[in-house]
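Computed from a predicted model, the values in this text were never measured in an experiment. Atom set for the values below is all heavy atoms of this structure, side chains included, hydrogens, waters and symmetry mates excluded. Within every chain, numbering begins at 1; the chains are lettered A, B, ... in the order of the sequence lines, protein sequences first and strands thereafter.
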Amino acid sequence: MRPGNPEALAVPYDPGRIEAARYLFWEQHGVFSPKATGPEKGTGSKAPFVIAIPPPNVTGSLTMGHVLGESVRDLIIRWARMEGRETLYIPGMDHAGIATQNMVEKKLRAEGRTRQDLGREAFLKEVWDWKEQYGGLIFKQERRLGTTPDWSRERFTLDEGYSHAVLHVFKKLFDEGLIYRGRYIVNWCPRCMTALSDEEVDHQESQGSLWYIRYPLKDSDKHIVVATTRPETMLGDTGVAVSPHDTRYAKLVGKFAVLPLVRREIPIVSDDMVDPKFGTGAVKITPAHDPNDFETGKRQNLPELIVMDEAGVMNDNAGDFRGLDRFEARKRIVAALQDAGYLEKVEPHTNSVGHCSRCDTIIEPYLSWQWFVRMAPLAAPAIEAARKGKVKFFPSRWKKVYLHWLENIRDWCISRQLWWGHRIPVWYRGDEMVVSLESPEGEGWRQDEDVLDTWFSSWLWPFATLGWPEATPDLARFYPNTLMVTGSDIIFFWVARMIMAGYHFTGESPFPHVYFTSIVRDAQGRKMSKSLGNSPDPLAMMEKYGADAVRFAMVQTPTGADLLFDEKRLEMGKFFANKMWNASKLVLMRLGDEDLTTVKESQLRLTLADRWILSRFANASKDVTRNLKTYRFAESAQALYSFAWNEYCDWYLEMAKPRWALADLGDAMTAEQRGDLRTARWVAWKVLDGILRLMHPFMPHVSEELWQAIPHDGDTLATAAWPKAKKSWLDVQSEREVEFLQSVVNAIRNLRVESKIAPGRAVPVVVRGTDAQLDLLERLRSQLQPLARIETLTLSRDGQRPPVAASAVVEGAEIFLPLDGLIDLDEERARLSREAEKLLNDLEGVKKKLRNQDFLGKAKPEVVEKEKARLSQLEETLEKLKRAQESLSVSRD
RNA sequence: GGGCGAUUAGCUCAGUUGGUAGAGCACUUGCUCGACAAGCAAGGGGUCACUGGUUCAAGUCCAGUAUCGCCCACCA
């Protein structure tokens with residue numbers, strides 16, 4: 001046992017002062033790395049507990065969103081550690097292909113250079129340098145939060161071993177026929193100049209136009225009118241389609257139209273893709289610039305004519321419009337059509353337009369050679385896993401979202417026209433193509449220029465971080481992980497794909513549970529974004545309130561909805577920490593120098609107050625733990641907070657003070673008094689110790705600091721045992737009795753204030769009640785008096801009611817403050833009337849219920865009993881209030 | 001066009017099996033009584049969005065409406 005250290009708490013609570021030092025302290029004690037304590041694998045309560053961080057972008061810096069996720073992950077990891085589990089929190093970063101490349105290119109641009117100037121190799125060196133210099137800033141910031149990842153196991157999606165896993169997976173899927181190369185329309189960002197997956201496109205509603213354009217018919221003075229939202233692509237039209245069921249156009253099928261402006265003849269075809277009710281029922285077909293048209297073109301054997309380059313600039317096929325940006329081209333083409341009389345009309349039209357999720361540029365459907373993963377076979381086991389509950393989501397409604405996506409999954413475009421990333425392990429020589437992790441033997445092989453989608457590496461995260469595909473000890477011990485905590489915004493990007501990869505490559509789900517955190521928004525409900533500047537700086541928040549306060553506030557988020565961040569929330573945690581700081585200081589001052597760890601419970605002289613707080617503590621620790629188990633963090637924190645503050649601090653510490661004061665007697669203490677003192681010390685210490693343990697996962701720094709200051713066993717609270725609710729401490733009787741005491745004290749306090757008695761003035765109190773009540777109050781006399789500032793407490797079974805007194809009724813017991821001359825009789829009468837009126841209201845409600853035969857017959861018996869008891873309680877109270885009123889009237893006369 | 005979520009005190013949010021509405025902040029009043037003014041004590045404040053249904057009983061279950069938000073969808 002280590003003695004307490006009162007000096008440590010002599011100064012006011014200052015989070016900034018203690019937090020940094022505590023982090024180093026934990027590192028010195030090696031609490032971050034897993035310690036083998038139980039079986040190697042399995043899901044038992046002693047199996048290793050493993051969480052992998054959702055790897056932040058190497059370019060990233062800490063946002064409130066990260067803070068939320070990290071607070072939750074570390075909360076659970078710390079709790080599991082205290083439960084005696086071997087814990088591993090795996091840190092790491094994502095190379096974040098597009099985001100990082102954009103950032104470095106931006107820096108180059110500022111220096112007047114481009115990546116093309118440098119060439120691939122030199123550019124990559126720039127990025128690596130940049131990564132060395134600025135990358136990982138987020139982890140420097142994160143340490144401030146006090147999280148406990150095992151830094152020695154930090155991984156990067158582009159490190160050597162991880163890269164090997166990625167390329168290995170590419171080859172394996174290729175060999176299995178699940179990866180293929182094809183020429184299709186993909187989502188293309190003309191600014192990033194790369195293909196994107198469907199998930200990397202954000203659709204936004206926008207107010208556009210629907211242009212109706214006349215296409216003259218060949219050898220005729222008639223025309224067919226097509227409607228389009230994208231007139232600039234008409235230069236690439238290679239057909240016009242109508243519905244086979246549309247009689248209006250039936251005789252035109254097989255004929256030709258002449259494309260305005262370029263005078264190219266294109267066939268009119270019939271195709272089921274056309275909805276006769278939309279627009280004019282005739283659709284221009286641009287196979288190279290629209291995914292629908294691409295399919296139609298294939299069916300109808302129409303040529304694919306590309307009129308735009310990869311930067312969204314019109315190319316040679318665009319004739320006079322060559323060299324124009326796509327939007328400028330749109331304006332010019334519309335104007336030209338209008339001038340030549342081809343434009344019939346323009347209607348306003350809202351449609352949703354795809355934007356690059358990285359740079360917000362409007363996506364261009366672009367025909368190109370790309371690599372794809374065939375997803376349906378991978379999705380099947382992931383679907384089954386969720387259906388059978390092998391993967392559970394919290395909140396559970398995400399299951400539906402997940403299943404809907406997987407059941408309608410489309411192939412995944414994984415090639416990116418970038419340099420920063422895993423280069424596709426495919427080699428070409430003439431018509432030959434080899435998929436290989438090594439450069440093939442012989443001359444003239446050229447490697448595919450593209451790299452893989454970043455998510456094609458992160459979907460392996462739960463096992464590739466542990467050394468897969470090698471059969472490493474870590475993999476054997478820590479896979480599958482125990483829990484995934486992440487934002488619901490990446491459920492498709494990442495979570496679903498990890499589960500698919502888990503099943504395909506390891507034969508099992510990478511984790512049994514997924515907990516989705518809220519999305520953090522600003523007070524007006526807007527998403528946090530750099531451009532809006534509405535994201536609070538987490539470091540500034542931690543500076544101002546302390547990391548503990550930030551953690552405490554962030555984990556108490558709604559689990560269903562988004563979190564509207566309000567800085568005010570942070571105060572609660574800071575105030576709570578401060579409260580516990582001062583409470584600990586008080587307890588520590590009164591503990592004396594006795595070694596409390598050797599005290600046996602059987603030697604104690606437990607009073608009612610002691611039994612009560614121990615019982616309440618047992619209940620509280622049960623609540624805190626149960627709510628952690630079900631990921632109800634707000635409830636868990638709340639249970640801790642209200643127990644510690646409203647029960648331990650507000651009541652127990654006050655009730656213990658009289659016994660602590662026995663210490664002043666010194667040698668004059670009797671043996672019994674000595675026992676009372678020791679008991680009051682032990683209980684206060686024991687419960688405080690328990691509170692600090694429960695507090696630790698939420699507020700690690702301050703709890704550790706306080707725990708170190710009070711007498712304790714062991715090196716660090718971080719590895720101290722989690723409190724178990726002791727059955728022997730549960731004591732319903734004591735809880736009921738103290739509740740009565742509290743009601744009496746509250747009633748007296750209320751009377752004091754209502755009667756405008758000076759706070760410092762002690763008052764006489766008379767209580768009339770049952771033997772049991774009076775007996776109880778007699779036992780609690782020494783605690784009751786200071787709590788309610790009582791001068792003399794008279795307990796009387798049949799005694800006279802004081803003639804002039806303020807009075808209240810608590811559970812049938814009458815409480816009087818006999819203050820002749822001090823209280824205003826009129827006020828007191830008015831107060832009693834108001835009180836009685838309230839009761840009468842309640843009484844009516846109860847009576848009505850009890851007159852209802854259906855209620856008496858159908859409600860559960862215990863509910864009926866409760867109502868009946870309440871009725872008599874109310875009647876009795878009312879009766880006594882009336883008597884009090886009467887006696888006041890009498891005394892006046 | 002589908003799906004999901006939200007709607008409870010002035011603000012941010014709890015409210016686990018249906019059974020007398022809660023917290024923090026804000027507000028009112030009073031407190032330098034040796035832990036704590038980042039505090040203590042006592043208070044005020046809610047027709048639980050609306051309508052209907054189930055039930056003895058609905059913030060809680062069901063249906064619909066409204067408003068806000070999110071996600072998905074090949075809406076020329």
Does the side chain of [X] come under 3.5 Å of the side chain of [Y] through a donor N or O and an acceptor N or O?
X	Y	result
A:Asn582	A:Tyr13	no
A:Glu571	A:Tyr545	no
A:Asp202	A:His355	no
A:Asn187	A:Glu200	no

* Asked: Quick one: ring pair (Phe, Tyr, Trp, His ring centres under 6.0 Å) partners of A:Trp188, sequence neighbours excluded?
  -> A:Tyr366
* Structure fact -> Those residues at least two apart in sequence (or on a different chain) that pass ring pair (Phe, Tyr, Trp, His ring centres under 6.0 Å) with A:Phe493 are A:Trp455
So does [X] pair up with [Y], basic N to acidic O under 4.0 Å?
X	Y	result
A:Glu828	A:Arg831	yes
A:Lys298	A:Glu304	yes
A:Arg569	A:Asp566	no
A:Arg248	A:Asp246	yes
A:Lys756	A:Glu754	no
A:Glu567	A:Lys544	yes

* Structure fact -> Given protein heavy atoms under 4.0 Å, the one-letter contact record of nucleotides 23-30 of chain B, with B base, S sugar-phosphate only and - none, is simply SSS----S
* Asked: So which of residues 207-214 of chain A are in contact with RNA chain B, with a heavy-atom cut-off of under 4.0 Å?
  -> none
* To do: For RNA chain B, determine which residues of residues 289-297 of chain A have any heavy atom closer than 4.0 angstrom to one of its atoms, and list them numerically.
  => A:Asn292
* A:Leu343 side chain reached by A:Tyr212 side chain, heavy atoms, under 4.5 Å -> no
Residue [X], side-chain heavy atoms: nucleotide from [options] that is nearest:
X	options	value
A:Tyr13	B:rA35, B:rA38, B:rC72	B:rA38
A:Lys579	B:rG19, B:rC75, B:rG39	B:rG39
A:Leu653	B:rG19, B:rA42, B:rA35	B:rA35
A:Phe492	B:rG15, B:rC74, B:rC72	B:rC72
A:Asp650	B:rA41, B:rC75, B:rG19	B:rA41
A:Asn582	B:rC40, B:rC36, B:rG19	B:rC36
A:Lys400	B:rC56, B:rA38, B:rC4	B:rC4

Is the [X] ring parallel, tilted or perpendicular to the [Y] ring (thresholds 30°, 60°)?
X	Y	result
A:Trp645	A:Tyr641	tilted
A:Tyr631	A:Tyr515	tilted
A:Phe393	A:Tyr402	tilted

Can a side chain N or O of [X] be found less than 4.0 Å away from OP1 or OP2 on [N]?
X	N	value
A:Lys858	B:rC56	yes
A:Lys860	B:rG18	no
A:Arg749	B:rA42	yes
A:Arg410	B:rC74	yes
A:Asn852	B:rA57	no
A:Trp398	B:rC72	no

For [X] and [N], give me the distance from atom [atom1] to atom [atom2], rounded to whole Å.
X	N	atom1	atom2	result
A:Glu827	B:rA42	CD	P	19 Å
A:Leu688	B:rA35	CG	P	15 Å
A:Phe855	B:rA58	CZ	C1'	15 Å
A:Trp645	B:rG22	CH2	P	20 Å
A:Met273	B:rC75	CE	C1'	12 Å
A:Phe394	B:rU16	CZ	C1'	14 Å

Could you check whether [X] gets within reach of a base, just the sugar-phosphate, or nothing at all, counting any heavy atom under 4.0 Å?
X	result
A:Ser584	nothing
A:Glu654	base
A:Lys284	nothing
A:Val846	nothing
A:Thr350	base
A:Lys277	nothing
A:Ala282	base
A:Met589	sugar-phosphate
A:Ala634	nothing
A:Asn746	sugar-phosphate
A:Arg590	sugar-phosphate
A:Glu635	sugar-phosphate

* Structure fact -> The single option from A:Asp293, A:Thr233, A:Asp290, A:Thr238 that satisfies side chain to side chain donor-acceptor pair (under 3.5 Å) with A:Lys284 is A:Thr233
[atom1] spacing across the pair [N] / [M], given as an integer number of angstrom:
N	M	atom1	result
B:rA42	B:rC4	P	47 Å
B:rC61	B:rU17	C1'	12 Å
B:rA58	B:rG18	P	13 Å
B:rA14	B:rA6	P	9 Å
B:rA23	B:rA9	P	14 Å
B:rU32	B:rG69	C1'	49 Å
B:rU54	B:rC11	C1'	36 Å

* In dot-bracket, 5' to 3', how would RNA chain B read with Watson-Crick or G-U wobble pairs under 3.5 Å, [ ] for crossing ones and | for pairs to another strand? -> (((((((..((((.....[..)))).(((((.......))))).....(((((..]....))))))))))))....
* Structure fact -> Closest heavy-atom pair, A:Ala762 versus A:Arg752, reported as atoms and distance to 0.1 Å, is CA-NH1, 4.3 Å
